[in-house]
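As the structure lists them, so they are numbered: ligands from 1, and atoms in each ligand from 1.
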Amino acid sequence: MLRAMSEVNVKAGIECILKRIEEAYARRPVEHVKMAKPLLVAVSKTKPVEMIIEAYTAGQRHFGENYVQELVEKAQHPDILQHCPEIKWHFIGHLQNNKINKILKLPNLYMIQTVDSEKLATGLDSAWGKIQGDDKTPLSVLIQVNTSGEEAKNGVQPKGLMTIGAFGFDYTSGPNPDFISLMNVHRLIFEENALEPHAVQVSMGMSDDFEKAIEAGSTIVRVGSAIFGFRPKKTA
Ligand SMILES: *Cc1c(COP(=O)(O)O)cnc(C)c1O
């Protein structure tokens, strides 16, 4: 197990993904050229702190985790605090209201990508207000849209959108309907709020489909296994 892990070259992985992001960005069709250049979030879930430090040393700053407890441990880990002072954590998993404070108090928390209910948005808003005190820096959040049907809830002011999308989509049958669907929600939001398209972030695309997502307009890709290697399936 340890041997297999050390065979993954994290630095080469990061460089390769950044190059593929550039290439996909250059291929982006004209209707999406106004969208921002994509940001790479390296998804380090289940992977050890040493690999995060390796990626950080290679220049990577944005990291994503999707289990609350794992992010709590990694964000406060003494080696991370010492070696990765400018790390930016993205929470990309399901967040329950009773875990809000655990997450918001973490050092170097950058963004919560998975606000999926009005209740969670309200809870985050009031908890952040108490934690921040007089410093009114807003918390960065994305609204997680269930692109297979459910509409984004009212009452939230999204800075952007996120979707996970269907697993294992077959691109020989055409463009990914989840990506099209999220870009449609994106258009609704920037048009209704009289914003520029690039003012509203779109987080979509993972190891298997980030290039397709970028071509469709994605501005944040979340890539895990293509950088850090295979992850064994979680056994419940
Ligand atoms: C695990 C995870 C990813 C990364 O998946 P890979 O296929 O390993 O790139 C991206 N987004 C979310 C929400 C995840 O949970």
Side-chain angles (χ1 to χ4, degrees), residues 4-5 7-21 24 38-49 51-52 54-55 58 60-75 87-96 99 103 109-117 120 140-148 150 152 158-171 176 178-179 181-182 185 201-236:
M5 239 152 51
E7 278 164 9
V8 174
N9 186 334
V10 173
K11 182 169 187 282
I14 296 275
E15 283 164 2
C16 170
I17 300 298
L18 287 175
K19 184 161 175 280
R20 288 170 61 188
I21 288 174
L39 171 75
L40 171 61
V41 174
V43 178
S44 47
K45 66 184 180 206
T46 79
K47 299 297 178 184
V49 159
M51 284 180 126
I52 297 173
E54 214 176 320
Q60 181 64 24
R61 290 294 175 268
H62 292 262
F63 291 82
E65 289 284 342
N66 75 334
Y67 304 109
V68 172
Q69 196 48 39
E70 194 175 345
L71 178 57
V72 165
E73 281 163 24
K74 285 174 171 172
I87 197 165
K88 294 173 173 66
W89 291 109
H90 295 239
F91 186 69
I92 61 170
H94 179 63
L95 182 56
Q96 290 170 302
K99 304 272 173 66
I103 290 279
L109 178 72
Y110 182 77
M111 180 183 273
I112 294 178
Q113 294 205 7
T114 42
V115 178
D116 59 357
S117 71
L120 179 58
S140 289
V141 300
L142 303 182
I143 304 305
Q144 181 174 2
V145 180
N146 180 347
T147 44
S148 44
E150 207 174 277
K159 295 279 179 271
L161 303 165
M162 179 270 204
T163 193
I164 295 179
F167 179 73
F169 180 73
D170 173 14
Y171 282 93
N176 189 325
D178 285 309
F179 297 165
S181 170
L182 196 63
V185 181
Q201 302 256 33
V202 178
S203 172
M204 58 186 191
M206 305 174 25
S207 290
D208 288 340
D209 57 13
F210 70 92
E211 288 149 307
K212 295 284 184 195
I214 289 169
E215 289 172 36
S218 173
T219 63
I220 301 178
V221 292
R222 311 176 308 266
V223 179
S225 46
I227 296 170
F228 298 109
F230 170 77
R231 265 187 327 268
K233 279 262 178 306
K234 253 208 151 188
T235 44

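By the 30° and 60° cut-offs, the orientation of the rings of W89 relative to F63 is tilted.
Looking only at heavy atoms of the protein, atom 11 (N) of ligand 1 is closest to R222 NE, 2.9 Å. Protein heavy atom nearest atom 12 (C) of ligand 1, with residue, atom name and distance: I92 CD1, 3.5 Å. Nearest protein heavy-atom neighbour of atom 5 (O) of ligand 1: M206 CE, 3.4 Å. For atom 15 (O) of ligand 1, the closest non-hydrogen atom of the protein is K45 NZ, 2.7 Å.
The distance from ligand 1 to the heavy atoms of N66 drops below 4.0 Å at these ligand atoms: 15 (O). Close approach of ligand 1 to V223 (heavy-atom distance below 4.0 Å) involves ligand atoms 9 (O). Those atoms of ligand 1 with a heavy atom of S225 less than 4.0 angstrom away are 6 (P), 7 (O), 8 (O), 9 (O).
Here H94 contributes atom NE2 and Y67 contributes atom OH; the two are 13.0 Å apart, rounded to the nearest 0.5 Å. Interatomic distance, CG of L40 versus CZ of R222, reported as 11.5 Å (0.5 Å rounding). Note that CG of L109 is 12.0 Å distant from NZ of K88, once rounded to the nearest 0.5 Å.
For D208, no nitrogen or oxygen atom sits less than 3.5 Å from a nitrogen or oxygen atom of ligand 1, counting backbone and side chain alike.
One finds no salt bridge joining E15 and K19 here, because no Lys/Arg side-chain nitrogen approaches an Asp/Glu carboxylate oxygen to under 4.0 Å. Under the 4.0 Å criterion applied to side-chain N and carboxylate O atoms, E211 and R20 are assigned as salt-bridge partners.
Within the structure, ligand 1 has R231 among the residues with a heavy atom less than 4.0 angstrom away.
Looking only at atom types and distance, the side chain of Q201 has a donor-acceptor partner in the side chain of T219 under 3.5 Å away.
Comparing heavy-atom distances from atom 7 (O) of ligand 1 across S44, S207, G224 singles out S207 as nearest.
The shortest heavy-atom contact between E70 and T46 is OE2-N, 2.6 Å.
Proximity of I164 to ligand 1, defined as any heavy-atom pair under 4.0 Å, is confined to the side chain (atoms from C-beta onward).
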